[in-house]
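Note sheet for the following structure.
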Amino acid sequence: MLQGPSLRQGPTLRPLTTAHLAQTMSLLELPAAELNQKIEAELARNPALELREIKHCPSCKQPLSGTRPCQRCSTPKSLSPEEPIVFVSPREDFFIPGRLSSQDLPEDNFAPHIEDLPTYVLKQVAPDLDYQEAQIAAFILTNLDDDGLLNISISEIAQYHHISLSKVKHILNQIQRSEPLGVGSPNPKEALLIQIDVLSERVPVPSLTKEAISEGMELLSKHQYVELGRLIGTSTRQAKEIANFITENLNPYPAHSAWGDFRQSSPNNVDVYTHPDVIITLLNDSLYSPLVVEIVSPFAGLLQVNNLFRNSLDQAPSDKADQWRSDIDRAELLVKCLQQRTNTIVRLMKRIIRLQRDFILFGDRYLKPVTRASLANELDVHESTISRAVASKTIQLPNGHIIPLSKFFDRSLHIRTILKQIINHETKPLSDNDIAKVLEEKGFNVARRTVAKYRAMEGILPSHLRQIRTSPEIT
DNA sequence: CTATGGCACGGATT
DNA sequence: AATCCGTGCCATAG
């Protein structure tokens with residue numbers, strides 16, 4: 001990927017060589033976590049590349065990007081809520097665990113405080129427990145693995161704390177029933193069963209789903225629907241529907257924030273998001289304050305070419321000279337490309353965030369359909385540049401959810417969300433045609449066939465299989 | 001007869 | 001150039 005000989009030139013400003021372009025592109029499509037690895041590897045291998053001394057901001061202790069003052073702490077001039085505060089952060093410790101919450105309440109998905117999973121869950125269960133129970137709950141929660149599953153047995157816990165098995169079970173039950181649903185289950189199967197249990201109180205769940213999970217877990221994960229249907233005594237089609245419902249609405253690994261984010265991902269192939277490329281928070285936890293956008297860009301402004309190394313080039317032993325020179329070239333190229341990468345991402349983000357402020361704050365239904373092409377036009381870059389910048393990147397919203405950046409370019413998300421609402425509020429099951437009508441009244445022109453597709457995407461059953469939901473006023 | 005899912009086509013998007 | 005998406009048509013289930 002790096003071409004040595006072709007760019008053997010002076011160390012001054014280099015014209016845009018093809019190698020340069022190629023590397024800029026490849027860096028652009030790398031998510032932060034991988035970029036981090038790549039640069040670390042290069043730092044270790046290439047003696048011409050060095051890390052500038054990292055200075056930390058005196059007030060917030062975060063590493064500073066290059067020589068600039070802390071962009072996080074310096075008070076912004078404009079406090080217009082519309083105008084996001086965007087800054088680049090080279091933070092090394094960008095691990096922030098993703099969280100999960102009920103996806104059925106898009107209007108309410110605002111929860112500005114970021115905390116780790118154990119704390120988040122503990123806060124939910126603590127009010128219902130006495131002091132000793134809370135201690136045990138805390139103990140349980142610290143033993144969760146990255147998937148949000150519990151890998152020690154109930155009896156171990158009971159022995160350790162000298163209490164009865166039933167008490168542990170009681171506490172664990174409380175934990176499993178808090179958000180993210182199923183957290184603390186010993187395995188994916190249990191987690192799914194809990195989720196079904198709780199979900200069935202709010203949403204229609206296809207019949208036999210529980211049986212499919214408890215008896216046909218293996219078949220499910222292998223997508224063997226014919227056998228599954230036979231096992232639980234139903235048609236293959238119904239089995240497929242169940243499987244579909246499960247992938248769409250449930251999550252075998254409670255700690256992963258991918259509820260409904262992935263249509264194609266199968267239960268055994270769940271994408272994990274842990275290191276977002278962009279983190280959005282609210283300045284004062286207020287909805288009317290600007291969004292604070294932190295672009296996680298490893299080593300941004302911290303890399304430079306070692307001057308000692310460069311100056312000693314003419315004294316290089318003749319057999320090493322070539323090697324040294326190519327090292328310097330590589331280093332320069334990397335620094336430059338990294339700069340370009342951050343620049344592109346910053347410009348892109350500024351635009352996206354201003355455009356999609358409502359979506360970021362208030363949820364899916366406020367997503368404005370934007371294409372990569374239109375954005376490329378506005379920013380005056382090639383479409384493929386945007387594609388690369390968006391690909392395989394993730395972003396953390398103020399509510400703590402980590403979603404793929406590509407979600408910002410979902411053409412139909414807002415309609416699907418409204419569709420979900422229509423169905424949630426329906427008094428009698430509406431047919432796809434009816435729904436298309438309602439949508440049209442709201443100003444969305446979609447064909448009946450398309451409604452069916454959206455419905456399928458959201459894992460909603462066809463009207464004749466839907467039961468009438470209990471009306472909003474619950475006594 | 002109505003509602004829905006499968007297939008396939010064409011245009012947009014990447 | 002390859003892929004995705006909305007849509008129309010048709011078969012089938014209810």
Side-chain angles (χ1 to χ4, degrees), chain A residues 21-22 24-31 204 206-208 223 225-226 228-229 233-248 260-265 271 344-345 347-348 351-352 355-356 364 367-394 404-420 422-423 426-440 442-468:
Chain A
L21 284 176
T24 311
M25 288 310 172
S26 71
L27 284 191
L28 194 57
E29 54 193 338
L30 246 41
S207 55
L208 293 175
H223 304 276
Y225 302 128
V226 185
L228 180 64
T234 182
S235 67
T236 306
R237 204 180 108 221
Q238 184 75 5
K240 272 190 194 158
E241 236 154 48
I242 292 174
N244 195 31
F245 179 85
I246 293 174
T247 21
E248 300 290 341
D261 285 344
F262 291 98
R263 280 170 245 139
Q264 298 97 334
S265 66
D271 297 71
T344 311
I345 295 183
R347 294 205 314 141
L348 174 64
R351 189 73 195 115
I352 292 189
L355 218 55
Q356 304 286 17
D364 289 355
L367 182 78
K368 299 185 184 73
V370 180
T371 65
R372 294 162 169 82
S374 68
L375 220 60
N377 205 23
E378 288 179 38
L379 294 181
D380 200 30
V381 291
H382 197 278
E383 300 171 8
S384 72
T385 311
I386 305 282
S387 279
R388 285 163 186 278
V390 168
S392 71
K393 300 244 168 45
T394 57
L405 196 50
S406 55
K407 190 165 173 180
F408 282 78
F409 298 92
D410 191 315
R411 271 182 280 168
S412 56
L413 185 69
H414 62 296
I415 303 189
R416 296 205 307 274
T417 331
I418 293 171
L419 178 139
K420 268 198 276 186
I422 293 175
I423 293 179
E426 79 191 358
T427 40
K428 69 171 175 40
L430 297 169
S431 75
D432 289 349
N433 244 328
D434 299 337
I435 296 175
K437 270 255 173 71
V438 179
L439 280 173
E440 190 171 357
K442 296 189 182 237
F444 303 101
N445 238 332
V446 283
R448 164 246 111 216
R449 190 65 190 79
T450 311
V451 171
K453 290 256 154 122
Y454 288 170
R455 206 169 35 68
M457 281 186 194
E458 299 298 335
I460 301 170
L461 291 172
S463 64
H464 60 275
L465 293 178
R466 261 181 265 142
Q467 38 185 273
I468 314 98

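In what follows, every chain begins at residue 1, and chains take the letters A, B, ... in the order their sequences are listed.
You'll find that the side chain of A:Val446 is closest to C:dT7, out of C:dT7, B:dT14, B:dT4. Among B:dG5, B:dA3, C:dT7, the nucleotide with an atom closest to any side-chain atom of A:Ala452 is B:dG5. Nearest to the side-chain atoms of A:Pro462 among the listed nucleotides B:dT14, C:dT7, B:dT4 stands B:dT4. Distance from the side chain of A:Ser387 is smallest for B:dT14 among the nucleotides C:dG8, B:dT14, C:dG6. For A:Thr371, the listed nucleotide lying nearest its side chain is B:dT14; candidates were C:dG6, B:dG5, B:dT14. Of the listed nucleotides (C:dC9, C:dG6, B:dT14), C:dC9 has the atom at the smallest distance from the side chain of A:Arg448. Distances were taken from every side-chain heavy atom of A:Ala447 (C-beta onward) to each of C:dT7, C:dG6, B:dA3; the shortest belongs to C:dT7.
Atom CG in A:Leu375 sits about 10 Å away from atom P in B:dT14, given to the nearest Å. Going from atom NZ of A:Lys453 over to atom P of C:dG8 covers 12 Å, rounded to whole Å. Whole-Å rounding puts the A:Ile386 CD1 to B:dT14 P distance at 10 Å.
As judged by a 4.0 angstrom heavy-atom cut-off over every strand, A:Arg449 is placed among the base-contacting residues. Using a 4.0 Å heavy-atom cutoff across all strands shown, A:Arg388 reaches no nucleic acid atom at all.
With A:Asp432 as the fixed residue, the side-chain hydrogen bond (donor to acceptor under 3.5 Å, both in side chains) test singles out one of A:Arg449, A:Arg455, A:Arg448: A:Arg455.
A side-chain donor from one of A:Ser431 and A:Asp434 sits under 3.5 Å from a side-chain acceptor of the other.
One finds no side-chain N or O of A:Thr450 lying less than 4.0 angstrom from the OP1 or OP2 phosphate oxygen of C:dC5.
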